**Q** 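My questions will all concern the structure given below.
Numbering of ligands and ligand atoms starts at 1, following listing order. These numbers come from a predicted model, not from an experiment.
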Amino acid sequence: MLKIGVLVSGGGSNLQAIIDKIESGYIRNVEIATVVSSKPGVFALERAKKYRIGGTCISRKFFNNIDEYDEALISHFVEHKVELVVMAGFLSILGERFNKYYTNRVINIHPSLIPAFCGKGFYGIIPHRHVLESGVKITGATVHFVELEADTGPIILQKAVYVEEGDTPEILQKRVMEQAEWEILPEAIKLFAENRLVIEGKKVLIKKTAPVLSAASKKYSI
Ligand code: GRF
């Protein structure tokens with residue numbers, strides 16, 4: 001059973017998409033061991049509570065520096081035996097200690113087709129505003145492995161979404177979530193759980209089938 005820890009900061013619609021795909025049996029052998037929010041009182045924690053998933057707030061504000069924050073998150077996830085960390089609408093920055101401890105075991109959903117409309121300052125509604133201002137015809141979402149610099153890790157999955165006449169940033173954001181984010185984030189977790197992801201430099205190869213591993217070596221290797 002792969003235990004995942006989900007990091008959130010807001011409404012939690014991506015968390016809900018993961019819960020629904022586990023509840024429906026589409027994703028198997030995966031358990032959401034804990035949900036951690038960067039802010040208290042967000043709706044994502046309500047969603048977790050409804051499915052009896054342990055949720056808590058660990059805010060960067062509680063700590064003197066990023067190292068202390070990283071250590072607090074690491075010890076919380078280790079306590080819950082988390083093997084994969086999923087950033088689902090998470091707006092805080094994770095530091096070197098966290099990235100080192102969970103190397104190649106942190107994935108993030110970003111609401112654009114990386115490398116377009118991403119990086120520092122591109123979060124929530126902002127990428128969608130820039131997409132509309134730039135006049136591009138296609139946007140979408142990306143799931144990638146996380147590295148220290150925002151939105152730079154090897155890309156696992158992407159899904160394109162057309163920009164339509166009359167779109168506002170809010171309308172476009174909703175369509176990108178519905179048509180792309182809520183599909184590719186659960187899919188990436190499924191592929192990780194099936195041991196079908198191989199990182200080769202900046203690329204992620206998706207193996208057609210899961211490798212046959214002996215019980216002893218059954219470890220989520222990338
Ligand atoms: C999503 O669009 C996500 O890609 C972005 O923030 C939004 C939060 O969505 N990082 P939710 O909290 O999962 O509803």
**Q** Within the 4.5 Å heavy-atom criterion, are Pro127 and His110 side-chain neighbours or not?
**A**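 Pro127 reaches His110 side chain to side chain.
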**Q** Looking at ligand 1, does Ala44 have a heavy atom less than 4.0 Å from it?
**A**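 No heavy atom of Ala44 comes that close to ligand 1.
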**Q** Should you measure from each heavy atom of Gly11, which atoms of ligand 1 turn up under 4.0 Å away?
**A**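 Those atoms are 12 (O).
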**Q** Any side-chain heavy atom of Phe192 sitting closer than 4.5 Å to one from Phe145?
**A**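 They are in contact (side-chain heavy atoms under 4.5 Å apart), so the answer is yes.
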**Q** Does Lys137 count as lying over the ring of Tyr162, i.e. NZ or CZ under 6.0 Å from the six-ring centre, within 45 degrees of the axis?
**A**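 The answer is no, since Lys137 fails at least one limit relative to Tyr162.
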**Q** Would you mind running through ligand 1 and noting each atom that sits below 4.0 Å from a heavy atom of Glu181?
**A**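 Counting from 1, the qualifying ligand atoms are 1 (C), 2 (O), 3 (C), 4 (O).
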**Q** Considering heavy atoms of the protein only, find what lies nearest to atom 7 (C) of ligand 1 and give residue, atom and distance to 0.1 Å.
**A**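 Sorting protein heavy atoms by distance from atom 7 (C) of ligand 1 puts Met177 CE, 3.8 Å first.
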**Q** When the ring planes of Phe77 and Tyr102 are compared, do they come out parallel, tilted or perpendicular, using 30° and 60° as the limits?
**A**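 Phe77 and Tyr102: perpendicular rings.
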**Q** So do Thr34 and His76 actually touch side chain to side chain, heavy atoms under 4.5 Å?
**A**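 With C-beta onward as the side chain, the pair touches.
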**Q** Can you confirm, on distance only, whether ligand 1 has an N/O atom lying under 3.5 Å from any N/O atom belonging to His128?
**A**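 N/O-N/O distance below 3.5 Å does not exist for this pair.
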**Q** Is there a path of hydrophobic side-chain contacts, each under 4.5 Å between heavy atoms of I, L, V, M, F, W or Y residues, that connects Ile58 with Met87?
**A**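 As far as the 4.5 Å side-chain criterion goes, Met87 and Ile58 are connected within one cluster.
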**Q** Out of curiosity, is Val8 lining ligand 1, as in a heavy atom under 4.0 Å away?
**A**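 Heavy atoms of Val8 never come under 4.0 Å of ligand 1.
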**Q** Apply the side-chain contact (heavy atoms from CB on, under 4.5 Å) test between Val35 and each candidate in Leu45, Val42, Ile19; give the one that qualifies.
**A**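 Of all the options given, the one that passes is Leu45.
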**Q** Suppose we measure from atom 8 (C) of ligand 1 to each protein heavy atom; which comes out shortest, and what is that distance?
**A**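 The protein heavy atom lying closest is Gly89 CA, 3.8 Å.
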**Q** What protein heavy atom sits nearest atom 12 (O) of ligand 1, and how far off is it?
**A**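 Ranking protein heavy atoms by distance from atom 12 (O) of ligand 1, first comes Gly12 N, 2.9 Å.
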**Q** How close does the nearest protein non-hydrogen atom get to atom 14 (O) of ligand 1, and which residue and atom is it?
**A**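 Answer, as residue, atom name and distance: Ser13 OG, 2.6 Å.
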